[in-house]
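When reading the values below, keep in mind they use all heavy atoms of this one structure, side chains included, and skip hydrogens, waters and symmetry mates.
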Amino acid sequence: MTVGLILALGALALIVALFYSRRVNAISIDSGASSPEEIEKLTEISSAIAEGAMAFLKREYRILSLFMGLFAIIIVFTVNDERAGIPLGLWSAICFLIGAGTSVVSGYIGMKIATKGNVRTAAAARISLEKSFRIAFESGAVMGFGLTGLAVMGLILVYLGLITLHPTLDQHIIMEILSGFALGGSSVALFGRVGGGIYTKAADVGADLVGKVEAGIPEDDPRNPAVIADNVGDNVGDIAGMGADLFGSVAESTCAAMVIGAASFAMLEGEAKTSALLFPLFVSGVGIVASLISLFFINPKSEEKVESSLKNALIISTIIMLIALYPFSMSMLPAEFMLGNRMHTNMGVFITLAAGLIAGLAIGLITEYYTSHRYSPVRQVADASQTGAATNIIYGLSLGYNSSVLPMFIMAITVVIGFSFAGMYGIAMAAIGMLGTIAVGLTIDAYGPVSDNAGGIAEMANMGQDIRKRTDALDAAGNTTAAIGKGFAIGSAALTSLALTAAFLTRAELPTINMLDPIVMAGLFVGASLPYAFSAMTMRSVGKAAFSMIEEVRRQFRTIPGLLEGTAKPDYSTCVDISTKASLREMIAPGLLVILTPLLTGWLFGVHMVAGLLIGALITGVMMAISMANSGGAWDNAKKYIETGQLGGKGSDTHKAAVVGDTVGDPFKDTSGPSLNILIKLMAIISLVFVPFFVKNGGILLDMFGLGQH
């Protein structure tokens, strides 16, 4: 019965995604365009964006397919455990490839619908704000529900395949094999996030610095050669990248909970055992229904209501989840169960789920406070722009540092509640609780890039200031909800990483670790340094790619007669090609840093140092991710606040200073910050999958020096 319910809920999410996809595709561009010439312009621009986005995705996935094949071979020959009774490495590699393939499909679906919805959103803005909003939102819903449905269906189908082929296999072995699915999804997410982030920010920085600051032309002006690449980047970074990131989080947190739960519920039998083992997956299914219900409460009637309407959907879905999870927790989990040497209850598990749900919402609202120009922190950054770019940057950095404090306290409280009420399993369930409303959360997040693209298309097609005003209202709300989405993603990544670390310790049979052990301490120091090394690499990559973009835009302004006067057409394709080549080239080194570090650490120094490595990377990675994402969001919205006419408005010296700050913040919030989510998760899931190799073959350097007990 439990398996059937999970399948039905996963299918429901896919049906909702298909429904909204057909609604968006059924809308004609002609209904909102004012003339055949405008229809032709809209079609031409949207086709160029779609072509650039899909070309990038195909080239990226070709590179990833080679990596996935090589990594699968490594898994086959290293992840083996004689106690499993089956070729553990082979089955883990198969699950890895299925997870990677599912993540690729998720990114492709999101990209496809986003490049359909953006032009329809722009055209509908001529009819009404409400119509335009509805198209952008429904485009986001395809991504939100499609991705969640694929994650749930993928995991349950792989589980069913394993128990069908190996009906006598121990459940904990099955759950360990399932971790390969999560590893595949997260590996794709790393390269999708890093590659997409470098692409979008190289184009954005080039377009802003040369176009807005040097040439003094508006954002998304068709005279700017980088404008198509900039709009393509919104899709490859914030649609495909974010989607793969959260797909990985759902799969990883679910696998972590099921690995830990396999030990706790080993004594149960029949349907009771299946219900308890698959309860983490069922929670995600309940979240699909809660998210779907919350959509009916989203109907903004004015520009001022757009942001609050989106935020209310998160609040409503959280409340519905809290109410719905109580009876299911009581009925699907045993009244009491043993984990380690402590007894826990189903009521305790419900409390941990509630703590995760509330913590996720709280982190999202705190992020909104620090990144929306409706509140004082962002307005202070805007005020600081009056004395130049330097003070704008100083205030933005200060805001980012300060904004990371409260979320860390909230996560600390959530961890304590999770462990107190349900041990390591409670921490994993808190992560799943935080991701419970992922369908609506990702819907709101994907809405942002679609509305942003719509504004760019409206500007490039010269649809008029009144249309741009409507799309800007949608984009401003999307900017804040995107920041909320990043805060949500970072918080869930922290708990997911901690849950995976707990599963790693469980599987490595390390019930406790001594933080003063020099090997563990060395791991802490190395792990703490990794987010800094990773961020340095990704920031530098954006800088290098942006340098090439800036030179190209300047060259075109200088050498194409009549370009700035609007009588000649820029060469958009060269700028798209620069971003594509740079992002694919520069994503390799950061990706290898994340993947190889835990593997080499476990092989050379053993599981104790890996435990320290994961904890050190988690603490500094989360702080850096929150700080960078919120600084970048604040700089962006401080610029937008000035563009509403405040403090001198567009074209003023204050505005130019804010544009510089926003340009610095671009790689903060869209490249390095979000990519740190995946760094801390991917290292943890790699460590979990490769535990058999570390236990059997790890610590060779320590053995050489007589320290083999580690």
Non-hydrogen atoms of S451 and G448 that approach each other most closely: OG-O, 2.9 Å

For the student: nearest non-hydrogen atoms of I135 and V24, plus distance: O-CG2, 4.2 Å

Counterpart residues, ring-ring contact (aromatic ring centres under 6.0 Å, His included), relative to F133 (two or more places apart): F137, Y447

Non-neighbouring partners of K311 that pass salt bridge (charged side-chain N to carboxylate O under 4.0 Å, His left out), sequence neighbours left out: E368

Results of side-chain contact (heavy atoms from CB on, under 4.5 Å) for R22 - residues two or more places apart only: L18

Interatomic distance, M258 atom CE to S179 atom OG [nearest 0.5 angstrom]: 8.0 Å

Tell me which donor-acceptor pairs under 3.5 Å the side chains of residues 141-158 have, and how far apart each pair is, sequence neighbours excluded?
from, atom 1, to, atom 2, distance (Å)
T148, OG1, G144, O, 2.7

Any donor-acceptor N/O pair, S497 side chain to A493 backbone, under 3.5 Å: no

Ring centroid separation Y425 to F265 under 6.0 Å: yes

Ignoring hydrogens and angles, write down the donor-acceptor pairs under 3.5 Å from the side chains of residues 313-334, residues two or more places apart or on other chains.
from, atom 1, to, atom 2, distance (Å)
S317, OG, A313, O, 3.0
S317, OG, L314, O, 2.9
T318, OG1, L314, O, 2.8
S329, OG, L325, O, 2.7
S331, OG, P327, O, 3.0
S331, OG, F328, O, 3.4

Qualifying side-chain hydrogen bond (donor to acceptor under 3.5 Å, both in side chains) pairs with a residue from residues 279-297, counting only residues at least two apart or across chains: none

Close side-chain approach of I490 and T367, heavy atoms under 4.5 Å: no

V349 side chain reached by F279 side chain, heavy atoms, under 4.5 Å: yes

Test side chain to side chain donor-acceptor pair (under 3.5 Å) applied to S404 and S627, step by step: CA-CA 6 Å; S404 64; S627 173; 5.5 Å; no

